[in-house]
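Residue numbering restarts at 1 for every chain, and letters A, B, ... go by the order of the sequence lines. Note that the structure is a prediction, hence the values are computed from the model and not measured.
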Number of protein chains: 4
Amino acid sequence: MKIAVLYGGTRDQGNTELLTEKVIHNLDVEKIYLKDHTIVPLVDQRHSEGGFQEINDGYNSIIDRIRDAEVLIFATPIYWYSMSGTMKLFIDRWSQTLRDSEYPDFKDTMSSKEAYVIAVGGDNPYIKGLPLIQQFQYIFDFMGISFAGYVIGEGNKPGDIMEDSEALFAAEQIQKALHSSK
Amino acid sequence: MKIAVLYGGTRDQGNTELLTEKVIHNLDVEKIYLKDHTIVPLVDQRHSEGGFQEINDGYNSIIDRIRDAEVLIFATPIYWYSMSGTMKLFIDRWSQTLRDSEYPDFKDTMSSKEAYVIAVGGDNPYIKGLPLIQQFQYIFDFMGISFAGYVIGEGNKPGDIMEDSEALFAAEQIQKALHSSK
Amino acid sequence: MKIAVLYGGTRDQGNTELLTEKVIHNLDVEKIYLKDHTIVPLVDQRHSEGGFQEINDGYNSIIDRIRDAEVLIFATPIYWYSMSGTMKLFIDRWSQTLRDSEYPDFKDTMSSKEAYVIAVGGDNPYIKGLPLIQQFQYIFDFMGISFAGYVIGEGNKPGDIMEDSEALFAAEQIQKALHSSK
Amino acid sequence: MKIAVLYGGTRDQGNTELLTEKVIHNLDVEKIYLKDHTIVPLVDQRHSEGGFQEINDGYNSIIDRIRDAEVLIFATPIYWYSMSGTMKLFIDRWSQTLRDSEYPDFKDTMSSKEAYVIAVGGDNPYIKGLPLIQQFQYIFDFMGISFAGYVIGEGNKPGDIMEDSEALFAAEQIQKALHSSK
């Protein structure tokens, strides 16, 4: 099973990455650090003459790398009660790819995947992170992606997440599920 | 009363802007089109030695422009069930400004403001836009901003919003409230 | 078009009823005041030998009255950030009706209906009433009912709702929609 | 530490009760099965002359039993994406107790408590149970109760919950927290 992780964080070895490590430990995964790629904001040209203009940034290379993945893991710190702006820029661009003749089967390939969300926040994330989970549910529903599960973790200072035993346990459960379906 | 509008959209005269026009009609407002400013993604350096590194992009000039506003209007198309990535980049950077010695009173000045949200989406926004509203509630709560009201509108093609009589009416109610407290 | 209103309130001419009046004005509707019927709490016997035991209270007569309605209006005051307990008792019992051999086509008939929700609350209902709306979305999704719209109103003291011009306007829009499809 | 459990379920040894058992195992708790008490629906007489009329059902005896508890555990099956009607009837009545001269310190005593929610559902509760958690957050906020944590579990058939290892683990974590603060 091919697994790709999309990291939305901006800190090396941040809490979100540490928690995600519990999920992907010993599995062969494609790690994509969104911060290392230039992703320009979507310009909504759905209704412009000529449609969307081609953009030459780092975005398409990411789409190419997740194309064959059966499992996507969206690993994001919770910034202001949602995914990081970096990850949002990436997802916003899907609107363009859905209309890109170079990617005629984008929705089809996405709809065959399953996805997990790993999100770590510092301000009562078990409650205040719930709108984020609902947003992902709508995103996945739209694309036909199966929402296989999520883990919310609590952490502020580096390493805090290692104290969140529930989040660690939940991450290990996903690890087991991914392992057994390898 | 000083009013600043923060536009998150990327289309000129898009539905969100048209709806916002109903709110600010005849009022003296500061219009800020976030897309016209370069805002680089936050790099979370809260825990780095030396803290956040100064960034020289267009972000601070926006903060300067909203500083004296008593009312902020966040006007965003609903992209993927949340605010646009462009607007999210802007809000994410608040984490830096909160620790920026050049802006020692950032939270204080923000907490004296009231805010409205104008959001237009194409996929059942009255239901699927609700997590966005909840997210803004948490954002405003954190900053101490008073959440004065919101309008959700439905629209896909350019101009669609003019058919959403409920959204237009709600926008006019805010217009009246702003007018009478001028 | 046959319309049935299910009232969850307990006060005569309460704010919810006044707001609903704006929706159904001049329309021929079946008004059902849930408080006037005895509805005992569901006992979950889905997994009991013999299944659900027949209950002889006022519940089935309500189901009979809404059977032919094409439109259902759920009109409830917001008690503790959700529908009234009275209305919840009514909906909980659907679990029994779904397995009741006397109502073999319950889900089928329900799935052909469309529904509106009218909800009035006193504690910031535009924000704190949103989980209630999401809950109704899930309820309707499960039954296959089409969620045609909702109105949230604000009111505490009797008559307060008449000051909520947005809610009144929204109610009138539903009135128009129902009228034109008569 | 005094702990009271409020059960909203209607099935003996249902999944919610089994999961709650993991939380309270070996602790001295007051178990209150709401289904064993007659709780009539609230009649909203906040604005009636004379106020609320005294009701002689089983409700007040429950309030008396939880009065001294430092921890409240709300254990409810998820019926139609919220708490059971039985539990909702109980909470609705708080509106009366808040104005009951026999309970002048009701809000004060409640505001000194902390609360947990244990909720088990059969239809994707990790997503569709989130509005229920948000409703409880608002309920606790209103009363000043500290929301100490929640567990969502998945289960349909009797005993299913024993397969939900994440829910069981989360329950055990609460057990540990309660034990150590005994």
Side-chain angles (χ1 to χ4, degrees), chain B residues 19 22-23 73-74 78 81-82 114-119 121 123-155 160-181, chain C residues 19 22-23 73-74 78 81-82 114-119 121 123-155 160-181:
Chain B
L19 181 56
K22 296 284 175 191
V23 171
I73 298 175
F74 293 82
I78 304 179
Y81 315 104
S82 189
E114 61 178 36
Y116 293 91
V117 172
I118 315 288
D123 179 20
N124 196 3
Y126 302 113
I127 297 292
K128 298 185 182 175
L130 301 185
L132 167 63
I133 300 303
Q134 294 172 320
Q135 182 190 345
F136 267 115
Q137 175 70 64
Y138 290 136
I139 291 171
F140 297 155
D141 276 355
F142 185 91
M143 294 300 283
I145 297 170
S146 163
F147 195 170
Y150 65 86
V151 184
I152 294 176
E154 185 157 13
D160 271 2
I161 192 66
M162 305 312 283
E163 310 295 316
D164 185 338
S165 53
E166 271 185 55
L168 296 175
F169 184 86
E172 283 159 21
Q173 299 311 107
I174 298 178
Q175 150 85 22
K176 278 184 202 169
L178 292 175
H179 229 281
S180 66
S181 62
Chain C
L19 181 56
K22 296 285 175 189
V23 171
I73 297 174
F74 293 83
I78 304 180
Y81 315 104
S82 189
E114 61 178 35
Y116 292 91
V117 172
I118 315 287
D123 178 20
N124 196 2
Y126 301 112
I127 297 290
K128 298 186 181 175
L130 301 185
L132 168 63
I133 300 302
Q134 295 172 319
Q135 181 190 348
F136 267 115
Q137 174 71 64
Y138 290 137
I139 291 171
F140 297 154
D141 275 355
F142 185 91
M143 295 300 283
I145 297 171
S146 163
F147 195 169
Y150 65 86
V151 183
I152 294 176
E154 185 156 14
D160 271 1
I161 193 65
M162 304 314 282
E163 309 295 316
D164 185 339
S165 53
E166 272 185 55
L168 296 176
F169 185 85
E172 283 158 23
Q173 300 309 107
I174 299 178
Q175 151 85 22
K176 279 185 201 167
L178 292 175
H179 228 281
S180 67
S181 62

Which atoms of F147(C) come close to chain B, meaning under 4.5 Å heavy atom to heavy atom: side chain ones, backbone ones, both, or neither?
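Side chain of F147(C) only, per the 4.5 Å heavy-atom cut-off to chain B.
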Any side-chain heavy atom of [X] within less than 4.5 Å of one from [Y]?
X	Y	result
Y150(C)	I127(B)	yes
Q137(B)	N124(C)	yes
K176(B)	S165(C)	no

Run the side chain to side chain contact (heavy atoms under 4.5 Å, CB included) test on K128(B) and Q134(C) for me, step by step, so that the C-alpha distance in whole Å, both residues' side-chain angles and the decisive distance to 0.1 Å come before the verdict.
CA-CA 9 Å; K128(B) 298 185 182 175; Q134(C) 295 172 319; over 6 Å; no
